[in-house]
Amino acid sequence: MNEKYNFTAIEEKWQKHWEEKKIYKAEPSKEKPKYYVLEMFPYPSGNIHMGHVRNYAIGDVIARYKRMKGFNVLHPIGWDAFGLPAENAAIKHGIHPAIWTKSNINNMRKQLKMCGFSYDWDREVATTHPDYYKWEQELFIKMYKKGLVYKKSSNVNWCEHCNTVLANEQVEDGSCWRCSNEVEQKELDQWFYKITDYADELLDFTNKLPGWPERVLSQQRNWIGKSFGQKIKFPLESDKTKYIEVYTTRPDTLMGVTFMSIAPEHPLTKELISNAPNRAEIEAFIEDVKKEKAIDRQAENYEKKGFFTSSYALHPVTEEPIPIYIANFVLATYGTGAVMAVPAHDQRDFEFAKKYKISMKEVIKGEANRDKTLSDYTEAFTEKGTLVNSGQFDDLNFDEAFNDIAVYLESRSLGYRAVQYKLRDWGISRQRYWGVPIPMLYTEDGTEAANIEELPVILPLDVEYNITSGNLLDTIESFKNTTHNGKPAKRETDTFDTFNESSWYYARYTSPRFDDGILNPEEANYWLPVDQYIGGIEHAIMHLLYARFFHKLLRDEGYVDCNEPFTNLLTQGMVTKFDEKTGRAAKMSKSLGNTVDPTEIIKNYGADTARLFILFAAPPERDLEWSDNGVEGSFRFLNRVWRLVGQKFQQAITTQQVDFNSLNQNNKKIVVATNKMIKKIHSCFDEFHYNTAIASMMELTNMLYSFEEDSESTPYIKYAIETLVCCLNPFAPHMASELWQELGHSEDLDFVPFPQYIEKFTIDDTVTIVFQVNGKVRSKEDLPLNSTQEEAINAALNDPIVQKYLDGKEIIKKISVPNKLVNIVVK
RNA sequence: GCGAGAAUGGUGAAAUUGGCAAACACACUGGACUUAGAAUCCAGCGCCGAGAGGUUUGGGGGUUCAAGUCCCCCUUUUCGCACCA
């Protein structure tokens with residue numbers, strides 16, 4: 001074999017082999033258990049960077065490992081190809097988004113192939129293809145007909161810079177998640193998916209999913225934000241047929257209500273302030289608050305302000321008049337937009353009452369306020385406790401009061417138990433050109449869905465891309481004006497939020513060319529759910545929640561049987577890069593312009609080195625600040641393996657069989673070292689700790705270099721070398737495949753069974769026992785495995801160094817941990 | 001403020017149930033080979049100390065024969081949520 005590790009030739013050779021022989025093509029089969037491993041598909045931004053390499057290397061290691069473990073592996077890839085950057089590039093460089101996207105895909109496909117990832121390329125999808133988005137449109141129409149899609153005019157998050165609407169999930173700190181521009185409120189007609197219908201099921205899963213990181217589950221739980229409370233009606237004093245309804249999670253404090261606060265956007269504000277002497281002032285206040293930007297209203301030091309409306313509501317139990325305030329901190333979009341204020345037991349109400357000199361009433365007693373009276377309060381007492389000053393509800397605890405008050409109010413039609421979510425319906429309309437057209441039409445008869453036989457509604461590509469603001473699609477008359485069932489019609493010109501496409505691609509991969517429906521249920525049910533999903537933590541809420549939602553839509557349409565799309569989730573840490581300007585490390589991304597292209601590394605060291613290096617640098621879940629220090633180390637290791645095989649070549653191609661029964665002491669060392677490595681690799685794979693798996697291969701390599709052969713060593717050397725090559729395959733598949741072939745094997749290494757360890761050979765015959773005196777290591781000695789505690793203690797007591805430390809002392813205690821240590825405690 | 005995680009040599013990091021801290025690498029130092037370099041190989045490498053030895057996992061306390069690991073308090077830091085009534 002060649003003395004030199006010629007990675008360029010080797011990598012080209014095997015990539016060609018894999019592609020021509022379609023080695024990684026996946027077909028359903030009953031002979032093997034299936035395993036679906038998936039990495040989040042990329043947005044085709046132009047070039048892959050080390051963050052991609054990390055993500056896809058992790059997935060590829062799993063795919064290759066599982067293939068060798070005898071699984072029928074599905075490992076697909078595709079392109080999340082609609083989205084804003086293509087439009088920005090179009091504006092900037094005058095290239096049509098379709099052309100820009102296509103050329104990026106071609107480039108990135110080439111780069112991914114250069115990395116040697118074992119994808120089934122026959123299943124590649126691009127979301128921009130009408131054969132893909134056609135089914136998304138169909139699903140949308142089906143959901144529309146089912147009542148799970150609706151249109152409403154609403155105040156939406158608007159990014160002026162991106163010229164489009166944003167979902168709540170896409171607003172970060174009051175700013176656009178893409179461009180960081182300030183988000184404004186705008187009244188627009190929008191299409192919504194009724195994700196709230198599935199809130200309970202989406203939440204339920206977060207409480208029982210073992211294969212997902214707790215971090216992601218708790219974020220989703222938090223986002224869904226389910227709470228239990230009651231809705232309570234407070235009739236208006238001026239007109240008892242009208243009332244203000246509040247939502248509260250603390251109905252036990254009902255008797256402590258001393259005022260009410262309502263949001264400035266509340267529909268009754270106008271009526272309530274009609275008799276206020278300072279009506280003009282209040283109106284101005286309301287207008288000011290409405291104009292305030294979301295980011296300002298969320299600010300930490302946002303001043304709580306309010307005005308008395310001069311109107312009163314009646315307490316539902318006592319019928320006492322309760323003053324109604326308009327307050328700028330009451331959210332219009334949560335609950336009913338109105339709050340029953342209990343200043344003694346809610347911090348916000350407490351501050352508000354202090355500021356406007358509103359009375360308070362203490363109705364809950366607990367440990368912390370046992371000996372306090374209201375005048376001692378410096379803050380609200382918000383814990384649960386026992387009711388006081390609450391008339392008929394006195395002495396009840398929280399649960400009793402919750403129930404009794406609900407029963408009381410329900411019997412009088414003044415309230416009812418209610419569940420509230422923070423999660424809102426998913427607004428999916430985007431005023432963008434480069435997206436999937438929403439397949440709806442407006443005719444003289446009203447809003448109608450496109451006929452399913454007429455799908456797809458194709459995004460017209462034949463356009464001059466020269467518009468810099470507004471929705472381009474809206475200006476294309478030939479698209480806009482059409483007919484529907486013989487009637488003149490105007491098409492909806494908004495497009496889907498691109499999170500729609502990424503919400504079901506994992507399912508489409510199971511039957512990507514199926515043209516009789518969104519999925520072929522047979523194939524979908526063979527492959528789904530995804531056994532291992534891998535991607536960035538930044539998708540913890542949006543993508544992973546939407547995909548789970550879509551999966552339930554697909555399930556309820558009968559396409560899939562399982563309830564959840566992704567059984568196990570691995571959230572890999574970000575690859576960051578230090579920025580001289582900010583003095584901080586930031587996530588590697590095209591938009592920040594801090595990417596490191598792996599092409600150089602591949603050119604200089606090969607793809608195997610690049611993959612090995614990124615996996616060796618840190619465990620997958622940890623963030624990794626980019627530095628190429630250490631690339632050479634991984635390269636050096638592969639060279640060492642290459643030379644080792646060359647050096648031991650004659651032994652490694654022997655036809656002698658290993659005989660574990662006639663092992664001599666010397667050769668047992670190789671067998672034990674090899675089995676220890678296999679065992680270690682298995683446990684590393686269970687935890688995704690590829691860095692330590694690689695370290696254990698390095699250890700075996702080092703051991704084999706220093707091993708002194710005897711006349712019987714040959715078959716054991718062969719055993720060790722072949723094992724090493726097999727274990728290396730998931731990490732450095734080109735080199736491993738080449739070595740495997742060099743060693744005389746004609747079958748593809750991809751399906752060679754992954755080495756199994758023999759338990760009895762994972763343990764040495766002797767173990768080093770540490771001798772401690774008073775917990776400090778003083779000496780050590782090799783003793784036979786499983787020596788008795790007595791033997792170990794005697795060995796320690798006979799050790800001259802130990803004796804030195806025992807001299808003149810009284811032995812209090814002798815502790816022996818089998819195969820580990822002896823600790824002599826002296827005084 | 002609330003919730004979850006993290007903190008170990010010059011660097012990336014490792015360490016089943018509490019049981020030899022620093023595996024495996026990078027960088028560095030010295031040496032071999034070489035006209036020289038590259039590559040490779042050998043040796044050293046937490047800190048203090050010439051050495052014996054002492055000491056070390058963000059800081060402080062505790063439990064234990066024994067703590068990076070368990071408990072309490074604190075600091076720093078990352079992420080998420082943040083008027084959700």
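Just so we're on the same page: letters track the sequence lines, and every chain starts at 1. What you see is a predicted model; the values in this text were computed from it and never measured.
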Can you tell me the base-pairing partner of [N]? Count Watson-Crick or G-U wobble geometry only, both distances below 3.5 Å, and say none if there is no partner.
N: B:rG44; result: B:rC28
N: B:rA23; result: none
N: B:rC2; result: B:rG80

Kindly point out which of [options] is positioned nearest to the side chain of [X]?
X: A:I815; options: B:rG19, B:rA13, B:rA85; answer: B:rG19
X: A:F329; options: B:rU17, B:rC81, B:rA85; answer: B:rA85
X: A:T692; options: B:rG19, B:rC84, B:rA14; answer: B:rA14
X: A:R424; options: B:rC20, B:rA14, B:rC84; answer: B:rC84
X: A:K820; options: B:rC20, B:rC24, B:rU17; answer: B:rU17
X: A:Y805; options: B:rG53, B:rC26, B:rC84; answer: B:rG53

Original post:
Within 45° of the ring axis of A:Y421 and under 6.0 Å from its six-membered ring centre, is that where the NZ or CZ of A:K226 lies?
Top reply: no
Original post:
Within 45° of the ring axis of A:Y805 and under 6.0 Å from its six-membered ring centre, is that where the NZ or CZ of A:R778 lies?
Top reply: yes
[M] and [N], which share atom name [atom1], separated by this distance in whole Å:
N: B:rG68; M: B:rU17; atom1: P; value: 14 Å
N: B:rU64; M: B:rC70; atom1: C1'; value: 10 Å
N: B:rG54; M: B:rC42; atom1: P; value: 33 Å

May I ask you to say what [X] touches in the nucleic acid, namely base, sugar-phosphate or nothing, with a heavy-atom cut-off under 4.0 Å?
X: A:S218; answer: nothing
X: A:K4; answer: nothing
X: A:G633; answer: sugar-phosphate

Original post:
Is the closest basic N to carboxylate O distance between A:E3 and A:R643 below 4.0 Å?
Top reply: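 Looking at A:R643 together with A:E3, the answer is no, because their closest N to O distance does not fall below 4.0 Å.
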Original post:
Using 4.0 Å as the upper bound for N to carboxylate O, is an ion pair formed by A:E600 and A:K603?
Top reply: yes
Original post:
Which residue lies toward the 5' end of RNA chain B, A:V777 or A:N823, if each is placed at its nearest nucleotide?
Top reply: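 In this pair, the answer is A:V777.
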**OP:** Tell me whether B:rG46 sits syn or anti, counting syn as a glycosidic angle within 90° of 0.
**Re:**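 Base orientation relative to the sugar is anti.
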Subject >> Whole-Å distance separating the NE2 atom of A:H689 from the C1' atom of B:rU16 >> reply: 13 Å
